[in-house]
J.: 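Pasting in a structure now, in structure tokens, and then I'll have a few things to ask.
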Amino acid sequence: MQQAVEERINEKEIVCVVCPNSCRLTVWEDKLGEVHVSGNKCPRGVVYGKSEYTHPVRMLITTMRVEGGVLPVIPVRSEKPIPKELLLKAIKVVNEHYCQAPVKMGQILLRDILGTGVNVIASRDLMQDENKKIAFSIYDEMSPEEIVQQTLVEDLFDKKQNLTFEEKEKLERIKKHLVERLSPHFNKM
Ligand code: SF4
């Protein structure tokens, strides 16, 4: 006897990001509301697929403004992933905040973002500025994108050993651009 074809409700394709295998998962609900996963090579994919299907979460990665630091912004991240639907709102909240230099990597800069119970922490150290006027005169000449880019480049260079060849090349190109762009200011110092 032929078996009835199972009805798949709201079927989605999700890439598992738990390990570098990047399995393509298919996730769906049955008529009883139970969630099913296929395409996984290991049980962790089932857990990830169900969680991503029912309640997707993302790490918050952005920058926060700093008062009295050697740089005007610092890269920050959430301690744990937060609900995906709150991500943009949370980034806005973080971007509107200031923290005070010096800052230590891992320091909590914002507690319980949007009532999620998750803290926002610094992704790097940031020293207090001993020569604030000179530093800020340079940043005054930069666009906000360049300031953020410079901060991120410095942060990435700290972790350069973990980067792929392409990432390192891209980083070198951005750094070269920033050095060319800022060299007239550094020469004045
Ligand atoms: S299903 Fe398992 S093997 Fe596949 S990407 Fe996820 S964790 Fe890796």
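Note that the numbering runs from 1 along the sequence shown for the chain. Quantities reported herein were computed from a predicted structural model and do not represent experimental measurements. Start at 1 and go down the list; that is how both ligands and their atoms are numbered.
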J.: Is a side-chain N or O of Asp112 found less than 3.5 angstrom from the main chain of Thr116, in a donor-acceptor match?
T.: yes
J.: Please determine whether the number of non-hydrogen atoms from other residues, nucleotides or ligands lying under 6.0 Å from atom CE of Met127 exceeds 12.
T.: no
J.: Has the side chain of Asp30 got a donor or acceptor atom that lies under 3.5 Å from a matching backbone atom of Leu32?
T.: yes
J.: Do any N or O atoms from the side chain of Arg77 and from the backbone of Met59 form a donor-acceptor pair under 3.5 angstrom?
T.: no
J.: If you group Ile, Leu, Val, Met, Phe, Trp and Tyr whenever their side-chain heavy atoms sit less than 4.5 Å apart, what else falls in with Val17?
T.: Ile14, Val18, Leu25, Val27, Val35, Val37, Val46, Tyr48, Tyr53
J.: With a cut-off of 2.8 Å, which protein N/O/S atoms are close to atom 4 (Fe) of ligand 1, if we only count those under it?
T.: Cys23 SG
J.: Salt bridge or not for Glu52 and Arg58, using N-O below 4.0 Å?
T.: yes
